[in-house]
Engineer: 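Structure incoming, see below.
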Amino acid sequence: MAKLWDARFSKAENSRVNDFNSSISFDSRMFREDIEGSIAHAAMLGRQGIISPDESAKIVEELMNIRADIESGELPIDPEAEDIHMFVEEVLTKRIGDTGKRLHTARSRNDQVALDIRLYLRKEITEIRGLLKGLLAAISQIAKDNTDAVMAGYTHLQRAQPVTFAHYVLAYGQMFLRDDNRLREIHAHTSVSPLGSGALASTTYPIDRHMVADLLGLDGVTENSMDGVSDRDFLIELIFALSLVMMHLSRFSEEVILWCSSEFGFIELDDAFSTGSSIMPQKKNPDIAELVRGKTGRVYGDLTTALTMMKGIPLAYNKDMQEDKEAVFDAIDTAKLCIELFTSMLSTMTVKKAKLRQAASGGFINATDCADYLVKKGLPFRDAYKVSGRLVAYCIEHGTDFESLPLETYREFSPLFDEGVYGAVNLDNCVNTRLVYGGPSVQSVLHQIGLIDTYIDNN
Ligand code: ARG
């Protein structure tokens, strides 16, 4: 195919170089943003008298036709084109002749691609935030259904203190709330127009950069033309934010995998969100959770790709930067898919409250509460801690627990014990007397649920 720069060159491009250079196979997904940016640019060129109003209108009209034709499938994207920017301009020129050649006045592909990727990522960030809201809503619902589901909280994967399933999942709710807030900020960093930076040194034409930004619904323009074309911070920030989303999903996946094992048996996944084994008929595997955990590595890889790609690039644009797209697109596709499937898996699982309670009863997770009970009777915490520890050892030796120990036995360990101890070590009481802000009591959990629900309504 004839190249734009044939005038300067005396030889045709090697065909493998063409393939190597080409980004159309992955940047064609930005065709809407490319056309949207070009429409705004053409409108501005017309308004500023850089091209005639007629030419501007003709370009805008045909760009809209091209967009509709690509959308309908009538205009297939040519895989031989170098990139989406070249493709759209070539089609435009083919359709409206010389007028089409005026579109690229006062613009370079360098500021064009920087604009396109910002517009594209902005749209994706909004979609991802929508998915996160869906996940938060699922978590809120699970919490509402499980405020009374007492279970053991763990440290070092050893049963530690009683919480509820509601409190447990709401911890993940907080992570995804932070993720969503982070994405809101990154959306703002992305919503800035670099158009007018030109190749690197702006332009001599009297363009109106703010008008283009306004037409595109962007919040402002970049301040330095060299930075404008070579900044990819917003893109890296996005992959980083998605890495954190994946890290949170991966931790949650690990819980789900453990919980649906026979050893825990805390939940059961819906058949529609589990898989069987090709050889072992009894198996029901948590493949979705495992894949989410596995795909987290991919997104971290995308982050490393983007960071490493940028680290040695002198100002301003260098072709290395074309590598940004596959990395960020992969991170976006992966994260979206994972959030969506994880949400469905979560909202269809069954929580086995009795199993949760049974596991909570076996691990002396009320030992701290037993000690606290003695503290309230006047014993210093360190002494109370020892008494409670001796009681644990006694219970293990005699195959019993705090709830079933007779009062005489308690009193052998300390005369401070009376009937009240049974209330103190009752698991429901242990949870619901933790009235501290942020704790697992029903009141606190209802407050946490309210925070998530209000956030979903307002964001
Ligand atoms: N496909 C290119 C990219 O993604 C567009 C910018 C090309 N600019 C250039 N000077 N060759 O980065």
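One is the number of the first residue; the rest follow in order along the sequence. Start at 1 and go down the list; that is how both ligands and their atoms are numbered. In what follows, every heavy atom counts, from backbone to side chain, and hydrogens, waters and symmetry copies are set aside.
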Engineer: Could you identify the single nearest non-hydrogen protein atom to atom 5 (C) of ligand 1 and state the distance to 0.1 Å?
Structural biologist: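 Protein heavy atom with the smallest distance to atom 5 (C) of ligand 1: D83 OD2, 3.6 Å.
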
Engineer: Report the nearest protein non-hydrogen atom to atom 12 (O) of ligand 1: residue, atom name, distance rounded to 0.1 Å.
Structural biologist: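 Ranked first by proximity to atom 12 (O) of ligand 1 is Y317 OH, 2.5 Å.
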
Engineer: Do K144 and D453 sit within salt-bridge range, that is, some charged N less than 4.0 Å from a carboxylate O?
Structural biologist: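 Here K144 pairs with D453 in a salt bridge, since their nearest N and O are under 4.0 Å apart.
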
Engineer: For the 3.5 Å polar cut-off, considering only N or O atoms, please tell me whether K325 and ligand 1 meet it.
Structural biologist: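 There is such a contact, yes.
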
Engineer: Checking D180 now: which residues fulfil salt bridge (Lys or Arg N to Asp or Glu O under 4.0 Å) with it, not counting sequence neighbours?
Structural biologist: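 Result, salt bridge (Lys or Arg N to Asp or Glu O under 4.0 Å) vs D180: R129, K133.
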
Engineer: What residue and heavy atom of the protein are closest to atom 8 (N) of ligand 1, and at what distance?
Structural biologist: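 So the nearest neighbour among protein heavy atoms is N110 OD1, 2.9 Å.
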
Engineer: Aromatic rings Y172 and F252: how do their planes relate, parallel, tilted or perpendicular, breaks at 30° and 60°?
Structural biologist: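 Parallel.
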
Engineer: Flag this pair as yes if the NZ/CZ of R159 is under 6.0 angstrom from the six-membered ring centre of F364 and inside a 45 degree cone about the axis; otherwise no.
Structural biologist: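 No, R159 does not lie over the aromatic ring of F364.
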
Engineer: Sequence neighbours excluded and cut-off under 3.5 Å, please list the side-chain donor-acceptor pairs for residues 304-313, or say none.
Structural biologist:
{"unit_1": "T304", "atom_1": "OG1", "unit_2": "Y300", "atom_2": "O", "d": "3.1"}
{"unit_1": "T305", "atom_1": "OG1", "unit_2": "G301", "atom_2": "O", "d": "2.9"}
{"unit_1": "T308", "atom_1": "OG1", "unit_2": "T304", "atom_2": "O", "d": "2.5"}

Engineer: Identify, for atom 11 (N) of ligand 1, the protein heavy atom at the shortest distance, and state residue, atom and that distance.
Structural biologist: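 Of the protein heavy atoms, R109 NH2, 3.5 Å lies nearest.
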
Engineer: Could you identify the single nearest non-hydrogen protein atom to atom 2 (C) of ligand 1 and state the distance to 0.1 Å?
Structural biologist: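 Result for atom 2 (C) of ligand 1: Q322 OE1, 3.2 Å.
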
Engineer: Does T164 reach the side chain of V445, with side-chain heavy atoms less than 4.5 Å apart?
Structural biologist: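 Of all side-chain heavy-atom pairs linking V445 with T164, at least one is under 4.5 Å.
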
Engineer: Within the 4.0 Å heavy-atom shell around S23, which atoms of ligand 1 are there?
Structural biologist: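 Those qualifying, in numeric order: 1 (N).
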
